[in-house]
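I have a structure here, written as structure tokens, and I will follow up with some questions on it.
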Amino acid sequence: MSEIDPYDELKRQMAEAEERFASEADGARMTVVKDDGVHRHLSFQFPKASWGPCEVVTWPGALTLRGGLGCWSFTRDEDMFSFFRPSPNATRVNPTYWAEKLVPGSGSRVKEYAEDRARAYVRQAVAEAVQRHDHITAEYAEDWLFSDWCDADFSTESGLMRTLGRFEGRGDADRSTRSLLDSAASEFVFPVQDWELHRYSDWFLLACVVLPWAVEQYDAALVPAG
């Protein structure tokens, strides 16, 4: 069983996003620019936040949040406020489901390559190989994979693939390091196709926190005073 749990990591990210919003949204103001059925245009100012003003625009079957939190366009229900309106019978924020409702090419990146997670997967694969084979050591693999002298690159997904390819002896055959790998590299298995190398971006998760809150602000503004 994998020691890396993307679901637990997402829960931590969500908790951080909710805490960040709670600490920075004080004094937020909403202006209703347009309110005509499902045609709405709301403007939000966040004077104490680290992000800029935002707008929420809806029309039949679609909603766009744009501004300081990026640009996110969703489509699902005729009235998208009903889709994001908090309910006691449903999870308040559901980023995995909501990501499925994003319009392709809506403008901002939902997930980002996670270098720390890639390194954790590699170290886990090394540990599993050491358990399977008595004649290899974790020090051998980690010295090669994580030392500066080997020109390893985990900063991008393509760099990760090149690094593992060289280690397994399938790429850069003319490198002098290849002779060091022949005896043991084949004992290591790096099932990259099974790794979840991308995590939800902090901006997307923050946008997910903002949307139900924005609907609540709108609903509260419709309630007659007194």
Inset, instruction - Group every Ile, Leu, Val, Met, Phe, Trp and Tyr by side-chain heavy-atom contacts under 4.5 Å, then state whether Trp213 and Val33 land in the same group. - result: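 As far as the 4.5 Å side-chain criterion goes, Val33 and Trp213 are not connected within one cluster.
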Inset, instruction - Please examine the side chains of Leu206 and Trp51, heavy atoms only from C-beta on, and report whether any two atoms are closer than 4.5 Å. - result: yes
Inset, instruction - Please report the shortest heavy-atom distance between Pro212 and Val93, naming the atom on each side. - result: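 Between these two residues, the closest heavy atoms are CG-CG2, 4.2 Å.
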Inset, instruction - With rounding to the nearest 0.5 Å, note down the distance linking CD in Gln217 to OG1 in Thr31. - result: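 So the gap between those two atoms works out to 12.0 Å.
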Inset, instruction - Just do the side chain to side chain contact (heavy atoms under 4.5 Å, CB included) check on Asp35 and Leu222 with the steps written out, would you? - result: CA-CA 11 Å; Asp35 187 17; Leu222 296 181; 4.0 Å; yes
Legend entry - Arg76 side chain near Tyr97 side chain, heavy-atom distance below 4.5 Å: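 They are in side-chain contact.
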Legend entry - CG on Leu164 to OH on Tyr121, rounded to 0.5 Å: 13.5 Å
Inset, instruction - Could you tell me whether Phe84 and Trp72 have their ring centroids closer than 6.0 angstrom? - result: no
Inset, instruction - Look at the side-chain heavy atoms of Ile, Leu, Val, Met, Phe, Trp and Tyr, link any pair under 4.5 Å apart, and say whether Trp203 and Phe46 land in one connected group. - result: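 Trp203 and Phe46: one cluster.
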Legend entry - Minimum heavy-atom distance Ala120-Ile4, with the two atoms named: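 Minimum heavy-atom contact is C-CD1, 3.6 Å.
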Inset, instruction - Flag the pair Phe83 / Trp98 as yes when at least one side-chain heavy-atom distance between them is below 4.5 Å, and no otherwise. - result: yes
Inset, instruction - Quick one: closest heavy-atom pair of Met80 and Phe74, and the distance? - result: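 That closest heavy-atom pairing would be CE-CB, 3.7 Å.
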Inset, instruction - With rounding to the nearest 0.5 Å, note down the distance linking NZ in Lys34 to OG in Ser43. - result: 15.5 Å
Inset, instruction - Give a yes or no on whether a salt bridge exists between Glu115 and Arg119, defined as a side-chain N under 4.0 angstrom from a carboxylate O. - result: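 Salt bridge: yes.
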Inset, instruction - Measure the shortest side-chain to side-chain distance between Tyr113 and Leu160 over non-hydrogen atoms and say whether it is less than 4.5 angstrom. - result: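 SC-SC contact between Tyr113 and Leu160 confirmed.
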Inset, instruction - Please report the closest heavy-atom contact between Asp153 and Ser155, naming both atoms and the distance. - result: OD1-OG, 2.6 Å
Inset, instruction - Please say which of Leu10, Asp116, Leu205 ends up in a side-chain contact (heavy atoms from CB on, under 4.5 Å) with Arg199. - result: Asp116
Inset, instruction - To the nearest 0.5 Å, tell me how far Asp77 CG sits from Thr58 OG1. - result: 12.0 Å
Inset, instruction - Report yes if the side chains of Leu102 and Phe204 come closer than 4.5 Å at any heavy-atom pair, otherwise no. - result: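 Leu102 vs Phe204: side chains touch.
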Legend entry - Closest heavy-atom pair and its distance - Phe81, Leu42: CZ-CD1, 3.6 Å
Inset, instruction - Could you tell me whether the side chain of Glu55 reaches within less than 4.5 Å of the side chain of Thr64, counting heavy atoms only? - result: no
Legend entry - Ser201 side chain vs Arg109 backbone, donor-acceptor pair below 3.5 Å: yes
Legend entry - In one Ile/Leu/Val/Met/Phe/Trp/Tyr side-chain cluster, 4.5 Å: Trp59, Val56: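 Cluster IDs for Trp59 and Val56 differ.
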Inset, instruction - Taking only Lys NZ, Arg NE, NH1 and NH2, and the carboxylate oxygens of Asp or Glu, determine whether Lys11 and Asp8 approach each other closer than 4.0 Å. - result: yes
Legend entry - Parallel, tilted or perpendicular, as decided by the 30° and 60° cut-offs, for the rings of Trp195 and Phe190: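 Answer is perpendicular, since the angle exceeds 60°.
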Inset, instruction - Starting at CD of Glu196, measure out to CG of Asp5 and round the result to the nearest 0.5 Å. - result: 9.0 Å
Legend entry - Salt bridge present between Glu216 and Arg92 (N-O < 4.0 angstrom):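 Yes, charged N to carboxylate O under 4.0 Å.
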Inset, instruction - Answer yes or no: is there an ion pair linking Arg40 with Asp79, defined by an N-O contact shorter than 4.0 Å? - result: yes
Inset, instruction - Calculate, to the nearest 0.5 Å, the distance between atoms CE and SG belonging to Met14 and Cys208 respectively. - result: 6.5 Å
Inset, instruction - Kindly work out whether a path of hydrophobic side-chain contacts (I/L/V/M/F/W/Y, heavy atoms less than 4.5 Å apart) joins Met30 to Val38. - result: no
Legend entry - Contact summary for Pro60 and His39, nearest pair of heavy atoms: CD-CE1, 3.4 Å
Legend entry - Test item: Glu157 side-chain N/O and Leu197 main-chain N/O as donor-acceptor pair under 3.5 Å: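 Such a contact is absent between Glu157 side chain and Leu197 backbone.
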